[in-house]
Amino acid sequence: MTNPYTLEGRTALVTGGAQGIGAAIAQGLVEAGARVFVCDRNAEIGEATAKDLGAEFVAADVTDSASIDAAVEHVVATAGSLDVAVNNAGIVHNHPSEDLSDEDWRRVMSVNLDGVFYSCRAEGRRMLAQGSGSIINTGSMSGHIANRPQPQSAYNAAKAAVVHLTKSLAGEWSHRGVRVNSVSPGYVGTELTKRGMNNEEWRTAWIEGTPMGRVAEPREIAPAVTFLASDASSFCTGTDLVVDGGYTVW
Ligand code: NAI
């Protein structure tokens with residue numbers, strides 16, 4: 001019997017793949033046998049990560065739809081198909097909402113929501129044309145709960161929207177062979193959480209709020225994505241797989 005978890009012969013794209021959770025996801029997909037394209041706006045780190053992992057690099061800024069369209073075209077022109085796409089690029093901005101500027105609200109929305117839609121649209125067009133594919137969006141437990149004590153309303157709203165965008169696209173595309181799911185991590189030790197981990201009040205609240213009593217390492221998120229990318233999840237679509245050490249049970 002063939003291994004349903006294998007990604008042998010598949011081509012994958014990971015946005016925000018240069019570092020943190022995205023780099024760990026790219027590594028997991030490589031280990032499962034996929035040909036992986038690390039996609040990031042940071043070419044310097046992205047190239048180095050791709051080289052380390054035995055992957056390839058393609059530059060894109062997901063806030064610019066022409067840029068992600070071109071990255072998808074590059075993957076298809078180079079590898080002949082796009083079978084797995086992980087839309088993971090994201091940023092956070094912590095600021096009290098009553099003083100949040102239009103620019104900062106838009107900046108978070110443009111990466112975390114517009115960027116996920118532009119990426120899904122470009123990938124979905126290709127996958128619908130070939131009649132198969134698996135898209136996995138990086139949501140967050142912040143799409144289900146509002147984090148504390150740090151203020152981040154734009155981030156939380158964008159992540160809730162990513163979970164619902166995922167369901168909406170699954171409803172549109174699944175009967176044409178394209179599955180769309182999301183993975184929602186809890187706190188993970190990366191550049192994005194560095195500021196909070198260096199703040200005693202935030203770090204204590206995060207760890208005490210997590211039944212497992214710790215934050216995750218990026219490699220603990222990757223297998224959930226590999227599962228959703230593979231045939232092991234062939235009947236999963238529109239689902240959100242929460243990987244949060246139990247944070248959302250309280
Ligand atoms: P990170 O800051 O370590 O990595 C984010 C990557 O995205 C970087 O390589 C960055 O260059 C890239 N990126 C940012 N804006 C981009 C753009 N416009 N176009 C292309 N690439 C862009 O962050 P981390 O922690 O690895 O986060 C990855 C994803 O996981 C994000 O969507 C984040 O919201 C989500 N997440 C993170 C959690 C955490 O605790 N670290 C928890 C839940 C979700």
Side-chain angles (χ1 to χ4, degrees), residues 13-28 37-50 53 57-72 85-94 106-119 122 136-147 150 152 154-163 165-166 182-197 202-203 205-207 209-210 214-222 224-225 240-245 247-248:
L13 173 76
V14 183
T15 75
Q19 64 181 37
I21 296 170
I25 289 170
Q27 181 173 0
F37 287 78
V38 166
C39 176
D40 208 283
R41 69 175 171 193
N42 187 329
E44 199 184 328
I45 305 181
E47 295 268 14
T49 300
L53 299 180
F57 178 73
V58 58
D61 180 338
V62 299
T63 66
D64 172 2
S65 63
S67 173
I68 188 69
D69 286 352
V72 169
V86 186
N87 300 314
N88 165 82
I91 59 170
V92 71
H93 182 67
N94 299 116
R106 208 48 324 277
R107 199 163 53 83
V108 173
M109 286 293 163
S110 76
V111 181
N112 293 13
L113 180 56
D114 302 353
V116 174
F117 176 69
Y118 296 155
S119 301
I136 302 103
N137 295 321
T138 303
S140 171
M141 67 177 181
S142 310
H144 300 276
I145 51 91
N147 303 64
Q150 75 278 21
Q152 51 181 47
Y155 183 89
N156 297 346
K159 290 298 185 180
V162 165
V163 172
L165 173 65
T166 300
S182 53
V183 169
S184 282
Y187 289 113
V188 184
T190 66
E191 278 300 312
L192 186 132
T193 47
K194 209 176 211 172
R195 178 178 167 207
M197 289 302 281
W202 292 18
R203 186 181 62 245
W206 295 1
I207 289 174
T210 305
R214 64 179 179 86
V215 303
E217 291 180 32
R219 64 177 171 75
E220 296 182 275
I221 308 303
V225 175
D240 181 48
L241 181 42
V242 177
V243 185
D244 68 350
Y247 192 97
T248 51

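Start at 1 and go down the list; that is how both ligands and their atoms are numbered. In this text, all values refer to a predicted model and were calculated from it rather than measured experimentally. The basis for the numbers below is simple: all heavy atoms, side chains too, and nothing from hydrogens, waters or symmetry mates.
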**Item:** Residue G20 vicinity, atoms of ligand 1 by number, heavy atom under 4.0 Å
**Value:** 3 (O), 26 (O)

**Prompt:** Just which atoms of ligand 1 are under 4.0 Å from any heavy atom in T63?
**Reply:** 18 (N)

**Message:** Quick check on D61 - does any of its heavy atoms sit under 4.0 Å from an atom of ligand 1?
**Reply:** yes

**Prompt:** Can you find a non-hydrogen atom of K159 under 4.0 Å from ligand 1?
**Reply:** yes

**Asked** Any idea which atoms of ligand 1 are less than 4.0 Å away from a heavy-atom of G139?
**Response** 44 (C)

**Fill in**
Quick note on ligand 1: atoms under 4.0 Å from a heavy atom of T193 include exactly 39 (C), 40 (O), 41 (N)

**Prompt:** Which of these, Y187, Y118, Y155, has its nearest heavy atom closest to atom 44 (C) of ligand 1?
**Reply:** Y155

**Item:** Which of the ligand 1 atoms, numbered from 1, are nearer than 4.0 Å to a heavy atom of A18
**Value:** 9 (O)

**Item:** Distance-only donor-acceptor check, side chains D240 and S184, under 3.5 Å
**Value:** yes

**Prompt:** Does A60 reach ligand 1, in the sense of a heavy atom lying below 4.0 Å from it?
**Reply:** yes

**Message:** Heavy atoms only: which of I68, N88, T138 lies closest to atom 32 (O) of ligand 1?
**Reply:** N88

**Prompt:** What atoms of ligand 1 come closer than 4.0 angstrom to any heavy atom of S140?
**Reply:** 43 (C), 44 (C)

**Prompt:** Is A216 in contact with ligand 1, taking contact as a heavy-atom separation below 4.0 Å?
**Reply:** no

**Request:** Would you kindly say whether N137 and S182 are connected by a side-chain donor-acceptor distance under 3.5 Å?
**Result:** no

**Request:** Would you mind reporting whether M141 and N147 have side-chain heavy atoms less than 4.5 Å apart?
**Result:** yes

**Message:** Need the ligand 1 atom indices (1-based, order shown) with element for anything under 4.0 Å from a heavy-atom of G16.
**Reply:** 6 (C), 7 (O), 12 (C)

**Prompt:** Which is closest to atom 43 (C) of ligand 1 in terms of heavy atoms, P218, G189, P185?
**Reply:** P185

**Message:** Check for me whether G186 has a heavy atom closer than 4.0 Å to any atom of ligand 1.
**Reply:** yes

**Asked** Are K159 and N112 side-chain neighbours, meaning at least one heavy-atom pair lies under 4.5 Å?
**Response** yes

**Prompt:** Under 30°, 30 to 60°, or over 60°: which ring-plane class applies to Y187 and W206, parallel, tilted or perpendicular?
**Reply:** parallel

